[in-house]
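Heads up, the thing below is written out as structure tokens.
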Amino acid sequence: MNFFRDRDANSDVFDDPKNDPTAASPSTSPRKKQKFDIGPPGNSTLDTADDDAALASLRKRMAGPSSAKAGLAKDQDEINKIIYEVSKGSKFFENERKKDAQTTERINALLARRDQKLLQVPPGSNEWLSIERKIEDLATRLENSRDLSRTILHTDIDMFYAAVELARDPSLKGKCFGVGSGVLVTASYEARKYGARSGMATFVAKALCPHLIVVKNDMQSYVEASQKVMAVFEQYDENLAKASLDEAYLDITEYIEQHGGTIDQIVQQLRDQVRSETQLTVSVGIAPNTMLAKISSDRNKPDGQFRVQPDRKAIVDFMRDLPCRKIPGIGRVNERILESLGVSTCGEIWNKRVELWLALDGKIEWLIKAHLGIGNTVVEPSKREERKSVGREHTFNPTADTQALLDLLKESAQRVEQDLERLDFKGKTITLVAKKDNYQRFSRARTSTRLVHRAEELYDITSSLLLQEIEREGALSLRLIGVRVTHLVDLRGAAAGEERLRKLFQTRQSNGEAQGEEAAQVRPRKTAHEWQQEEERQLALAIKQSLEGNGDPFQEVHDLSQDDATTQVREASPTIALALSKSDEAGPSAPLPSSNAAAQCPICIKPIQGSNDQLNAHIDACLNQSQLDPPSRASPQPPPSHRADSASAPKKKRGPLDSFVRRSNK
DNA sequence: ATACATACC
DNA sequence: CACTGGTATGTAT
């Protein structure tokens, strides 16, 4: 949603008479050099007012992306100040400052361009009226498409991870605690009162809340809890759209038709059911579209529900005073930009519609929709074939050692290969992503003529991109590196069905289960429910992976590849096995295992019933568990030891890569 | 096609 | 001291 991105001030259509049939005067002569010939310079000689504004903005930025969302702390200004104080001086902080200044510059240029256009299109002029008419037409068109017939829910489990932890350890009740390590994934309401937020560095949270207890996350129990809750939701809409482990959209229109009852009653019943079955509370938004439902679920949080009546006037009233920031898609940057244009609430969008049109080059349909409260009315599970990219990245202690970087890159490549293998995709465009030690991100990409998926190829391409970059720039001190693959091709699509079937067939045999059932799962034409099961598993995996960042995920690969578990993993799950085989042998294609192991989890050694998917899900959960709670794993034969600084903390059992993992639990 | 920024959880 | 990871998407060039 980057409508606001400033473009070269000189490339604006209204500057160019031939692009603007309505331009009153051709006076603007071709491109002059001056960048700020219009409007205030904005980046020279700051007066104290500017300083204050910059400081306020920066403090707000440092408070983090979620600070404006919810939580109502006592004194947000005070909190922002503390965050600012404990953060300032760090490289992270300096980078934030830089980005904030960039935003300010963009805003200044944007305002300047708007002002210039206002000279050409003064209020009340024919051009102005013509724009007003266009917006009116747009609004009419949108209004005609408004659909109030669906009853859509957005469900949001209250402080999900924290709630699960609370259920596991009731002594946390009433205390300030957060879940995560290095960065909080969630915070208890008690901790939120002090300003602790998800996404916040734990050391910052501790500065705000000295008694904060930090609990490390345990994805397995979150996945389990999520499945239980989603199972309840599915009774109300089997076609629900899971947005994450703790959020979902449901269309309960049919349910209401079939079961009767008022909407509020049914939602109350749903929430009661979740509470009694899982001890978790959910907040629910009820509305005729997903956007309104999402905004509404925040309204009576925690443990509440809020309904926007399916009535045009009720909706417009609801939107009128709503801060723009609440609109999904408007983050802290766009919030600032809109604010600079005099728009803080959705109601004000309409007041400033012409100015917005001028400033945003006519691309304001999305804002008008927000103003009118019009949104998506179709709820359906996401489809795997809609996936656009697969990637891995990893943060470590900054290093400029080329070999070290290459090794880390290889790890990422291997993990991407695993993911591609598991997901059954190959891709064409390979991107190296990296973050310098000053937090500046960059990426370099190359697209191949062939479909790539193997770690070796991924590594070959990205490493050459990295080397190229080092050659160009000299030493490159990085704190993050990763690999991403785009332009994916779905191997499960008809063409590749054959190979897929063979693989699953083998797995099923090794599970000692009937084959007919499996075939049903492989058929391209799945029932909605089957699609959902698949999606559920993939979603769980995705979420799990997105949160495993602090444990040293890389270590696991090495360890597993060298102890007994590996062998069993291979026997139990060809998918995982194939992926692992390349990480320790670098061989392009280890043969599929031929032996038939018992259907037993290689990690917890428990027997497993169920489909291949369930088996995989279990193994993944176990892998994750063992990762968060490191078993007494022998760590033989460490990978290349280039870490000069690995001696730093001998306290814990540390793997050779540990020195690259800065955020261990504290 | 590539690079980068923004957003979401 | 200390600030994530995975994916989607929009814009610019």
Side-chain angles (χ1 to χ4, degrees), chain A residues 1-8 11 62-66 69 83 86-87 89-96 99 102-103 106 156-157 160-161 180-186 197-207 217 242-247 294 325 327-337 360-361 363 366 382 386-397 412 415-416 419 428-433 435 439-448 465 479-480 482-488 538-539 541-551 553 648 661-664 666:
Chain A
M1 229 59 56
N2 202 2
F3 297 153
F4 309 105
R5 163 144 283 284
D6 190 23
R7 304 169 315 154
D8 178 5
S11 69
M62 296 303 298
S66 59
K69 280 285 192 189
I83 296 172
V86 300
S87 311
S90 68
K91 284 182 170 167
F92 177 80
F93 173 89
E94 290 309 319
N95 186 251
E96 290 297 296
K99 288 198 284 184
Q102 273 170 22
T103 304
R106 266 171 54 188
D156 191 338
I157 306 175
F160 180 47
Y161 294 171
S181 50
V183 171
L184 292 188
V185 183
T186 187
R197 289 285 183 289
S198 63
M200 183 178 275
T202 49
F203 80 93
V204 175
K206 281 193 171 162
N217 44 359
K242 293 164 190 170
S244 65
L245 281 185
D246 71 323
E247 285 184 36
K294 167 105 170 110
R325 183 65 163 84
I327 302 295
I330 296 186
R332 52 186 177 183
V333 171
N334 285 340
E335 178 190 32
R336 266 193 72 191
I337 290 173
L360 307 181
D361 222 11
K363 286 172 248 180
W366 173 73
S382 60
E386 282 164 7
R387 179 184 274 269
K388 301 281 192 300
S389 72
V390 172
R392 287 283 192 160
E393 59 189 42
H394 188 62
T395 298
F396 42 85
N397 246 344
S412 283
R415 295 192 71 102
V416 170
D419 293 343
K428 284 202 187 130
T429 301
I430 316 304
T431 304
L432 164 76
V433 298
K435 200 192 279 180
Y439 289 86
Q440 207 178 90
R441 282 190 86 111
F442 68 91
S443 64
R444 297 289 176 263
R446 181 174 301 163
T447 98
S448 155
L465 288 168
R479 75 182 329 272
L480 170 148
V483 176
R484 180 158 294 276
V485 180
T486 50
H487 293 128
L488 299 180
Q538 289 182 11
L539 181 62
L541 280 167
I543 302 290
K544 178 199 78 179
Q545 286 157 7
S546 80
L547 288 154
E548 72 186 4
N550 294 308
S648 46
V661 180
R662 20 184 34 227
R663 280 157 290 285
S664 57
K666 292 196 97 171

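Keep in mind that this is a model prediction, so the values were computed, not measured. Computed over heavy atoms, backbone and side chain alike; hydrogens, waters and symmetry mates excluded. All chains are named by letter (A, B, ...) in the order of the sequence lines, taking the proteins before the strands, and each is independently numbered beginning at 1.
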Touch class at under 4.0 angstrom, heavy-atom based, for A:F442 against every strand present: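 Sugar-phosphate contact only.
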Sugar-phosphate, base or nothing in reach of A:V390, heavy atoms under 4.0 Å: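 Contact class for A:V390: sugar-phosphate only.
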Distance below 4.0 Å between [X] side-chain N/O and [N] OP1 or OP2:
| X | N | answer |
| --- | --- | --- |
| A:N334 | B:dT6 | no |
| A:R441 | B:dT6 | no |
| A:S90 | C:dC3 | no |
| A:K388 | C:dT9 | yes |
| A:T395 | C:dG5 | yes |
| A:R446 | B:dT2 | no |
| A:R392 | C:dT7 | no |
| A:R106 | B:dT6 | yes |
| A:H394 | C:dT4 | no |

For A:D156, all residues meeting salt bridge (charged side-chain N to carboxylate O under 4.0 Å, His left out), sequence neighbours excluded: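 For A:D156 the salt bridge (charged side-chain N to carboxylate O under 4.0 Å, His left out) partners, ignoring immediate neighbours, are A:K301.
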First of A:L184 and A:E386 reached from the 5' end of DNA chain C, by closest nucleotide: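 Going by which nucleotide is closer to the 5' end, it is A:L184.
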Counting side-chain heavy atoms from C-beta on, which of [options] comes nearest to [X]?
| X | options | result |
| --- | --- | --- |
| A:T447 | B:dC4, B:dT2, C:dA8 | B:dT2 |
| A:D246 | C:dG6, B:dC4, B:dC9 | B:dC9 |
| A:V333 | B:dA7, C:dA8, B:dC4 | B:dA7 |
| A:L480 | C:dA8, C:dC3, C:dG5 | C:dG5 |
| A:R479 | B:dA3, C:dC3, B:dC8 | C:dC3 |
| A:T429 | B:dT2, B:dC9, B:dA3 | B:dT2 |
| A:V183 | C:dT4, B:dC8, C:dT7 | C:dT4 |
| A:V204 | C:dC3, B:dC9, C:dT7 | C:dC3 |
| A:E247 | C:dT4, C:dA2, B:dC9 | B:dC9 |

C:dT4 to B:dA5 separation - P atoms, rounded to the nearest Å: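 It comes out at 16 Å once rounded to the nearest Å.
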Straight-line distance of A:H487 NE2 to A:S448 OG, nearest 0.5 Å: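 Those atoms lie 12.0 Å apart.
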Over 12 non-hydrogen atoms of neighbours within 6.0 angstrom of NZ in A:K99: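 Result for NZ/A:K99: enclosed.
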In this structure, how many angstroms lie between the [atom2] atom of [N] and the [atom1] atom of [X], rounded?
| X | N | atom1 | atom2 | answer |
| --- | --- | --- | --- | --- |
| A:R444 | C:dT13 | CZ | P | 17 Å |
| A:K99 | B:dA5 | NZ | P | 8 Å |
| A:K294 | B:dA7 | NZ | C1' | 11 Å |
| A:K428 | B:dT2 | NZ | P | 12 Å |
| A:K91 | C:dA2 | NZ | P | 9 Å |

Heavy-atom closest pair, residues A:T431 and A:A445: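 Nearest heavy atoms, A:T431 then A:A445: OG1-CB, 3.5 Å.
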Residue list, ring-ring contact (aromatic ring centres under 6.0 Å, His included) with A:F160, at least two apart or on another chain: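 So A:F160 forms no ring-ring contact (aromatic ring centres under 6.0 Å, His included) with any residue.
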A:L184 side chain near A:Y161 side chain, heavy-atom distance below 4.5 Å: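 The answer is no; the side chains never approach within 4.5 Å.
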Contact check, side chains of A:R446 and A:I430, non-hydrogen atoms, under 4.5 Å: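 Side-chain contact under 4.5 Å: no.
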Donor-acceptor pair present, A:S87 side chain and C:dC3 base, under 3.5 Å: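 Present.
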